[in-house]
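Excluded from the calculations below are hydrogen atoms, water molecules and symmetry mates; all remaining heavy atoms, backbone and side chain alike, are included.
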Amino acid sequence: DDRIETDVDGTITARTEGDVNIADTGTLDLIADSEKGQVNASAAKDLNLKNTVGDLVVGPIEAGDDVTIIAKESIVAGDRHGRDAQVKGNSISMTAQHGQIGTSEDAFLVDTDADRFGTLYAKGNYLNIEEISGDMGLGVIETENGDVALTAARDVLDTRDEGESKENIIVGNGDVQINAENGVIG
């Protein structure tokens, strides 16, 4: 996936029918709307991605530091182009404002950096998220009216910062399934 190389201190706004392919040498602030494509982006530091309409289809999203994704509707897994995870970064925060992350059939694959105390934050109507390597550090996982499924290759741990919500998982009306495949929960 060929990417436009950038070094922009401000925000990049990209609108297209096809894919958006951008790599930034610092922090990337990207507003990306694609009618039929996906967003493939990387940043040496933080990566902040959002859209202004509809679902946000993400290909590989990779950052040297933290990733924040905010979608108007759902965050949808696109083609990973051979990567193991859909989103990779130290800490990952994803918000599907009027939709879901993952489906009942397929988990949305993430790779946080447990060695650097990476933490997962997620909010949406339905959440099915899998940490593909190591521990899943939980910040706040929230859904008002849907189920939550969380899977980790090893442990599922509380890694919230002091002063954050008292609960790791907040579900208004739904069920929660937590799987620590080779570890502990707690």
Side-chain angles (χ1 to χ4, degrees), residues 10-20 22 24 27-43 46-63 65-80 85-112 118-131 136-151 159-161 163-177:
T11 300
I12 297 173
T13 301
R15 290 186 174 82
T16 181
E17 274 193 30
D19 291 351
V20 175
I22 296 178
D24 197 273
T27 293
L28 176 59
D29 293 311
L30 176 61
I31 300 170
D33 289 310
S34 174
E35 291 182 28
K36 299 175 185 169
Q38 68 181 32
V39 179
N40 309 303
S42 61
D46 293 335
L47 194 153
N48 303 301
L49 170 63
K50 66 180 179 177
N51 70 343
T52 61
V53 64
D55 292 339
L56 178 56
V57 180
V58 296
I61 304 294
E62 301 165 313
D65 289 323
D66 298 336
V67 176
T68 301
I69 301 174
I70 300 172
K72 279 292 184 192
E73 293 183 19
S74 293
I75 299 174
V76 178
D79 183 349
R80 293 192 314 267
Q86 212 69 48
V87 178
K88 182 176 183 173
N90 181 44
S91 288
I92 298 172
S93 175
M94 299 184 293
T95 302
Q97 293 177 328
H98 302 286
Q100 64 187 37
I101 303 170
T103 66
S104 59
E105 296 84 28
D106 295 306
F108 192 91
L109 304 178
V110 299
D111 189 5
T112 59
T119 301
L120 175 68
Y121 299 85
K123 184 175 183 177
N125 294 335
Y126 172 85
L127 305 172
N128 184 2
I129 302 170
E130 180 178 345
E131 168 65 53
M136 175 185 279
L138 289 184
V140 179
I141 307 297
E142 186 174 359
T143 180
E144 289 181 19
N145 219 9
D147 295 338
V148 173
L150 302 172
T151 302
T159 55
R160 288 170 297 160
D161 290 329
E164 286 186 312
S165 172
K166 192 168 98 174
E167 297 87 11
N168 285 104
I169 301 173
I170 302 167
V171 177
N173 184 20
D175 296 323
V176 176
Q177 179 179 347

Checklist entry - Atom CD in Glu167, atom CZ in Arg160: separation rounded to 0.5 Å? => result 7.5 Å

Next on the checklist: Between Asn90 and Asp66, do the side chains contain a donor N or O and an acceptor N or O under 3.5 Å apart?
Outcome noted: yes

Next on the checklist: Counting C-beta onward and ignoring hydrogens, is there a side-chain heavy-atom pair between Thr52 and Arg15 closer than 4.5 Å?
Outcome noted: yes

Next on the checklist: Looking at every non-hydrogen atom in both residues, tell me the closest pair between Gly59 and Asn40 and how far apart they are.
Outcome noted: CA-OD1, 3.3 Å

Checklist entry - Distance from Glu62 atom CD to Leu28 atom CG, nearest 0.5 Å? => result 12.5 Å

Checklist entry - So, does Thr151 use its side chain to make a donor-acceptor pair with the main chain of Glu130 at under 3.5 Å? => result no

Checklist entry - When you measure from the side chain of Gln86 to the backbone N and O of Gly78, does any donor-acceptor pair fall under 3.5 Å? => result yes

Item to check | Interatomic spacing from CD1 in Ile75 to CD1 in Ile61 - rounded to 0.5 Å | outcome: 10.0 Å

Checklist entry - Within the side chain of Ser74, is there an N or O that forms a donor-acceptor pair under 3.5 Å with the backbone of Val76? => result no

Checklist entry - Taking Asp111 for the side chain and Ala85 for the main chain, is one N or O donor matched with an acceptor at less than 3.5 Å? => result no

Item to check | Student check: side-chain heavy atoms of Asn128 and Glu105 closer than 4.5 Å | outcome: no

Next on the checklist: Would you compute the distance between atom CG of Leu47 and atom CD1 of Ile69 and round it to the nearest 0.5 angstrom?
Outcome noted: 7.5 Å

Item to check | Atom pair CG/NZ of Asp29 and Lys50 - distance to nearest 0.5 Å | outcome: 9.0 Å

Item to check | Reported NE2-to-CD distance for the pair His98 and Glu73, which is rounded to 0.5 angstrom | outcome: 7.5 Å

Next on the checklist: Tell me the closest heavy-atom pair linking Leu127 and Ala122, and the distance in Å.
Outcome noted: CD1-O, 4.0 Å

Checklist entry - Between Asp147 and Tyr126, is there a donor-acceptor pair closer than 3.5 Å when you use the side chain of the first and the backbone of the second? => result no

Next on the checklist: If I compare all heavy atoms of Met94 with all of Ile92, which pair ends up nearest, and what's the gap?
Outcome noted: CG-CG2, 3.8 Å

Next on the checklist: Looking at every heavy atom in both Asn168 and Gly139, which two are closest together, and how far apart are they?
Outcome noted: ND2-O, 3.0 Å

Checklist entry - Any idea which heavy atoms bring Leu30 and Ala41 closest together, and the distance? => result CD2-CB, 4.2 Å

Next on the checklist: Could you go through Lys36 and Glu17, starting from their C-alpha distance and side-chain angles, then the distance that decides it, and tell me whether this counts as salt bridge (charged side-chain N to carboxylate O under 4.0 Å, His left out)?
Outcome noted: CA-CA 5 Å; Lys36 299 175 185 169; Glu17 274 193 30; 3.8 Å; yes

Next on the checklist: Could you check whether any side-chain N or O of Asn51 sits under 3.5 Å from a backbone N or O of Asp33, counting only pairs where one atom can act as donor and the other as acceptor?
Outcome noted: no

Next on the checklist: Donor-acceptor check, side chain of Thr16 to backbone of Ser34, threshold 3.5 angstrom: yes or no?
Outcome noted: no

Item to check | Exam field: side chain Thr143 to backbone Asn125, donor-acceptor pair closer than 3.5 Å | outcome: yes

Checklist entry - Within a strict 4.5 Å, meaning less than it, do heavy atoms of the Ile169 and Leu138 side chains meet? => result yes

Checklist entry - Does atom CD of Glu144 have more than 12 heavy-atom neighbours, drawn from other residues, nucleotides or ligands, at distances under 6.0 Å? => result no

Checklist entry - Quick one: does Thr27's side chain get under 4.5 Å of Asn48's, heavy atoms only? => result yes

Item to check | Passing option when Met136 is tested against Leu150, Thr119, Ile141, Thr112 for side-chain contact (heavy atoms from CB on, under 4.5 Å) | outcome: Leu150

